[in-house]
Amino acid sequence: MPFSIATWNINSVRLRMPLVAQFLADYQPDVLCLQETKCPDDLFPLSAFRKAGYEHVAISGQKGYHGVATVARRPIEIVEKRRFCDNGDCRHLSVHVEAGSRRILLHNFYVPAGGDEPDPEINPKFRHKLDFVAEMHDVPALEADNLSSVLVGDLNIAPLETDVWSHKQLLNVVSHTPIETTSFEAMRRAGNWVDLMRQAIPPEEKLYTWWSYRAQDWAASDRGRRLDHVWSSPNLSPALTGIKVLRHARGWERPSDHVPVIASFDLD
DNA sequence: ATGGTCGACCCTCGA
């Protein structure tokens, strides 16, 4: 059976609900993980999702900042809303979802951006980001006979040289500094996670999911970064049939600065 | 070489 999971940093779910509804109608992922919803739970647009056929919703939101939500066409069961770095930010949500004969533990993450100055001694936001990634070491890719794990979200780090428009020019820019990319890859390997985007799309190929709002012509300059990720446990990676990065979504009217990524599987 | 744009919200913060 086909099964698909999408991830999208939406940068205000209320403002962009029409775009989300159009996306769901066009691509119909089984599950959609949103980040930066910027929406308290009591104001979450539940009925719009219900109308779109996504009746099952798990949310962890707060006023003004951050916030994650996982919505699905099939039942999901909330597992945990974990507060990383013990500061009250809503940046994680995990659920169980049944797919074929398998149960999937699905983590939805929004890692702190880290501010502008890539020095943890003088920039507390960068310190927070490094601490957050360090704490993610405790999130392993659990797997068993009928259990797989998936981790998606805006992880705000572009680990490979081909994940940014210019490796050299971004070496000292937050999201691609060696301290971030090294600890990021170490964390991924420690948890036994497989980078499904790079399994499907050769690491030699440039691949971006985010383009700054500040560019005067994002498509022409094409100064993108791969900040959004889809990982799985080793026992799910052979079932991956494809990854779609919806680059054209950056050109939609009043877009998010991130585009959706969809992972498709063929499960028994 | 620098500043450039968003969204939420109470005016500045976070990205």
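The figures that follow rest on heavy atoms only: side chains count, while hydrogens, waters and symmetry mates do not. Reminder, nothing fancy here: chain letters follow the sequence lines and each chain counts from 1. From a predicted model like this one, the values you see are computed outputs, not experimental measurements.
- Considering only side-chain N and O atoms, A:R14 lies nowhere under 4.0 angstrom from the phosphate OP1 or OP2 of B:dG7.
- Using cut-offs of 30° and 60° on the angle between ring planes, the pair A:H107 and A:W193 is perpendicular.
- Contact check for A:E55 versus A:R73: no side-chain heavy atoms found under the 4.5 Å cut-off.
- Rounded to whole angstrom, the span from the CD atom of A:Q62 across to the C1' atom of B:dA15 amounts to 14 Å.
- Cation-pi contact between A:R82 and A:F84: present, with separation from the ring centre below 6.0 Å and deviation from the ring axis of at most 45°.
- Near DNA chain B, meaning a heavy atom under 4.0 Å away, the residues from residues 213-221 of chain A are A:Y213, A:R214.
- If you check every strand for non-hydrogen atoms under 4.0 Å, A:R250 touches nothing.
- A:D163 pairs in a salt bridge (Lys or Arg N to Asp or Glu O under 4.0 Å) with only one of the listed residues (A:K206, A:R198, A:R225), which is A:R198.
- Taking the nucleotide of DNA chain B with the nearest heavy atom to each of A:V111 and A:V13, the more 5' of the two is matched to A:V13.
- The distance between atom NZ of A:K129 and atom C1' of B:dG14, rounded to the nearest whole Å, is 13 Å.
- The environment of A:K51 atom NZ is sparse: at most 12 non-hydrogen atoms of other residues, nucleotides or ligands sit within 6.0 angstrom.
- On the C1' atoms, B:dA15 is 14 Å away from B:dG4, given to the nearest whole Å.
- Straight-line distance between the C1' atoms of B:dG14 and B:dC10: roughly 15 Å, to the nearest whole Å.
- Here B:dT5 presents its P atom at 18 Å from CG of A:L15, a figure rounded to the nearest Å.
- Atom CG of A:N11 is separated from atom P of B:dG14 by 15 Å (rounded to the nearest Å).
- Residue A:R223 is out of contact with every strand shown, counting any heavy-atom pair closer than 4.0 Å.
- Of the listed nucleotides (B:dG7, B:dC10, B:dA15), B:dC10 has the atom at the smallest distance from the side chain of A:K63.
- Between A:R91 and B:dA15, a side-chain N or O to OP1/OP2 separation shorter than 4.0 Å is present.
- Taking atom OH of residue A:Y65 and atom P of nucleotide B:dC10, one finds them 8 Å apart after rounding to whole Å.
- Distance CG (A:D257) to P (B:dA8): 12 Å, rounded to an integer number of Å.
- Ring centroids of A:Y208 and A:W165 are separated by 6.0 Å or more, keeping the two rings apart.
- Counting to the nearest Å, the C1' atom of B:dT5 and the CZ atom of A:R254 are 12 Å from each other.
- Going from atom NZ of A:K125 over to atom C1' of B:dA15 covers 8 Å, rounded to whole Å.
- Taking a pair as Watson-Crick or G-U wobble with both distances under 3.5 Å, the runs of three or more consecutive pairs in DNA chain B are B:5-8 with B:12-15.
- By the 4.5 Å heavy-atom criterion applied to side chains, A:L130 and A:E180 are counted as neighbours.
- Residues A:N9 and A:S256 are in side-chain contact: their nearest non-hydrogen atoms beyond the backbone lie under 4.5 Å apart.
- Under 3.5 Å, the side chains of A:T70 and A:N108 contain a donor-acceptor pair of N or O atoms.
- A pairwise comparison of heavy atoms in A:L32 and A:F23 identifies CD1-CE2, 4.0 Å as the closest pair.
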